[in-house]
Amino acid sequence: MDFIIEAAVKAVKTLYQTELNDADVNLQPTRKEFEGQITIVTFPFTRFSRKSPEQTGAEIGEVLKNDVKEIAGFNVIKGFLNISLADSYWVDKFYNEILPDDFADYKPNGKKVMVEYSSPNTNKPLHLGHVRNNLLGYSVAEILKADGYDVIKSNLVNDRGIHICKSMLAWQKFGNGETPESTGEKGDHLVGKYYVLFDKEYKKQIDELKSFGQTEEEAKKNAPIIKEAQEMLQQWEAGNEAVINLWKTMNLWVYDGFGKTYEALGVNFDKFYYESETYLLGKDIVEEGLERGVFFEKADGSVWIDLTADGLDQKLVRRSDGTSVYMTQDLGTAEEKYKNFHMDESIYVVGNEQDYHFKVLFLILEKLGKSWAKGLYHLSYGMVDLPSGKMKSREGTVVDADDLIAEMEQTAKEQTEALGKVENYSEAEKTELYHTIGMGALKYFLLKVDPKKRLLFDPNESVDFQGHTGPFIQYTHARIRSVLSRAEGFGNQKISIELLDVVERDLILILSQFPETISQAASSHSPAVIANYVYEVAKAFNKFYHEKSILQAEDETSKQFRLQLSSATARVIKKAMRLLGIEVPERM
RNA sequence: GCACUUGUAGCUCAAUUGGAUAGAGCAUCUGACUACGGAUCAGAAGGUUAGGGGUUCGACUCCCUUCAAGUGCACCA
C-alpha cells in the first residue's frame, strides 16, 4: 500500500503546500460496513488544509483518483477517506504476489536471534505452565525465522541445586533401586514422584520437631532430611563420585522423559545449556564491574550494584563469602551465549514472576557497556491458572503435560468418531490424526491469547473444537484440500478476470495481509497475532465457500480462478498454522 | 508498605498501537443447500470497556486517582 501513502503525501503537498512524512499518513483497512478497502484518516491534515475533515478528504480523494490508476473510487464519511481499489488491482496482486509459491517468504535479513525457552528443572515432569512456555517459545522462534532471522533455539536446563538433590535423596532412601525400566514409568515422572515423596517426609519431620517445641522456622532448618539434602549438594559440588553418578543416572531418566514430551509437543532445540556447567560463570563480570566502578563492595566483602537512580533497588551480585548468586550466573550465561553465537538479539521466554529479575539483569549489562545488551528481550508471559487456584507441583495440584496431551488426543478421537469421519482410515492414520487435532486444539487455545495475559484453564471444560479453535481452521484446510483433489487439474497460470465478487475480493484482501502480519507478530513477539489472523482467513474462506460454488462455477474461467484462490488460501492457512507449530491434515 | 502486570458481553478472547456505530467464538434463541465435506454458513439477543476525573477534533488505548485480582520485593534458583 506504499503507493497510496506516496500519492497521499504528494496530494497534500500540491493541495496544501505541506511536506509530510510517510508516517504521517494513517492507513487502515476500511470497516466492513463501508464501501472501499483502504481508508485514510484525514483529521491530521485539517490543520494544513484549514478545511473541514469532509472537505479535506474529498479534495485529497479527488487528486488521488486522478493520479493513481488503481483507485477506482472513493467516499468520505466523517473525515474518513475510504478508497476503493479496482478489481484489476486485486487480481494482479493475487497473481503477482499471493499465488506464487514464495508468497510471504521473507528474504534473510542478516540478523541472528536466540530464543531461549522451556528451561525445565530436572526434578519433576513438565506441567501446563511449561506447555505454555514451550509452545510460545517454539512459535516465536518460527515466526522470527519466517520474518527473515537466523534463529537459534536454546534451552537452559536447570540440572543442579538443592531441589535436584531432594529427589535424588528420596530415591536413595525410598526407591529400592527402582528404574524407569523396572517400573515402566516415564523417567521424569519417576523422578518427580520422589521429589513429592521428599516433600512429604520433610513435612512430617517438621511437624514432629514442632511438636517438640521448635518453631516453624527452626523445624524447617533442623529437619534431618533437609540437612542430608544440603550435604548431598555439597558433595555434588565437591565432585563426590557416588553422588555425581546418581545425579547423572537420574538426569538421564529425566531427559529421556522430557524428550518424549518435547516430541509430542513438536518442539525442538539447537543448543542446550546446563546450569551445572554455567553456574560458576559470571565471576569475571563481577571483577569487571568492580574495576569499572559499576559495582561496589560493602565492608563485609559482598558486591552490589546500586540501581536506585533508575528507580530500582540495590542488588547483590556476589555474596560476602565470594560465591555467586542467581544474578551472577545469568550475567555470565548471557555473555557466554553471546560469545558462542554473536547474535543481534536474544529473547528469554520466562514467566512474568521474573519481570524484575530481567529488568535488573538487562540494566546491569547495559551499565557494564555490553554492546549486545540492547538486543536482550524478556518475553514475559502470564501464568496458567486452574479454577482451583495456582498449580503447585510439590502438592501435586498440577495439570501434567503428558496427561493433558493424552486427554486432548482422547477428546479428538471421541469427537472425530462421533462425526463418523474415519471409516476408511488405518489405525496408524487414526492415531496420527487424533494427535494432530488434539494438539491443534490445545496449541491454538494457548497461543491465541496475548502472551502477557494470564490464562485460565479449566480441565473439566475440555478445549472446544468448534468456533474460534484450532480444529475449525484445520477443518477449513482439509475441506479445501478435498475440493482441490476433486478438481481435474489447474495451474498457476494467470486467467483474465474482469470482475470479482465481494467474497472473492475480501478473501484476496485478507490473504494479501499475511506478510505484514508475520512482521507484526515478529516485532511484537506474539503468536496471538498470527492465530487471530489465520482465523480471519478461515472465516473469509468459509463465507466464500458457502456463497460461491467452486467446482460448479458459472463458467470455466471462474472455476479455474476459484480453484487457484482456494489453493492459495490453503497454503496460507498451512503456513500460518506452521508458525504456531500446528499441523493441518489433508482430511479429517 | 513499595514496584510491576492485568481488568472489555454470562464465559473465553479481539480491537490495525490515539480513529468511524467496541468485534468474534462458546452458551441461549431463529434460520440455511438434493453435502464442491454441516467440526460449516446467515441472523437475533447480549456493553456505562472496573469506578471517577483529565488531555483533544477523537480515548478500551495516554495521564492522575480509587477499587479488584495476580506477581515480585532473600547473601534461594
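No experiment lies behind these values; they were computed from the predicted model shown. Here is how names work: the chains are called A, B, and so on, in the same order as the sequence lines, proteins then strands, and each is numbered from 1.
Listed by residue number, A/T39, A/V41, A/F43, A/P44 are the residues of residues 36-46 of chain A with a heavy-atom contact under 4.0 Å to RNA chain B.
Under the 6.0 Å distance and 45° angle rule, A/R160 counts as a cation-pi partner of A/Y279.
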Give me, pair by pair, the N or O atoms of the protein and of nucleotides 13-17 of chain B that are less than 3.5 Å apart, along with how far apart they are.
| from | atom 1 | to | atom 2 | distance (Å) |
| --- | --- | --- | --- | --- |
| B/A14 | OP1 | A/D450 | N | 2.6 |
| B/A14 | OP2 | A/K453 | NZ | 3.0 |

Considering only nitrogen or oxygen atoms on both sides, find all protein atoms under 3.5 Å from nucleotides 27-34 of chain B and state each distance.
none

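Annotated as anti: B/U8, whose O4'-C1'-N torsion sits more than 90° from 0.
Take A/S549 and apply the side chain to side chain contact (heavy atoms under 4.5 Å, CB included) test, not counting sequence neighbours, and it matches A/Q552. Judged as a side chain to side chain contact (heavy atoms under 4.5 Å, CB included), and not counting sequence neighbours, the contacts of A/A522 are A/I143, A/L144, A/D147. Under the rule for a salt bridge (Lys or Arg N to Asp or Glu O under 4.0 Å), the partners of A/E554 that lie at least two apart in sequence or sit in another chain are A/R562. Scanning for side-chain hydrogen bond (donor to acceptor under 3.5 Å, both in side chains) contacts around A/S380 gives A/D355, with sequence neighbours left out. Qualifying side-chain hydrogen bond (donor to acceptor under 3.5 Å, both in side chains) partners for A/Q564, counting only residues two or more places apart in sequence or in other chains: A/Y95. Partners of A/E59 by side-chain hydrogen bond (donor to acceptor under 3.5 Å, both in side chains), not counting sequence neighbours, listed by chain and number: A/Y16, A/K51. Evaluation of the salt bridge (Lys or Arg N to Asp or Glu O under 4.0 Å) rule for A/E228 yields A/K173 as partners, not counting sequence neighbours.
Under the ring pair (Phe, Tyr, Trp, His ring centres under 6.0 Å) criterion, the residue pairs touching residues 511-531 of chain A are A/Y377-A/H525, A/F514-A/Y533, with sequence neighbours excluded. Applying the side chain to side chain donor-acceptor pair (under 3.5 Å) test to residues at least two apart or on different chains, the pairs with a partner in residues 21-31 of chain A are A/T30-A/T39.
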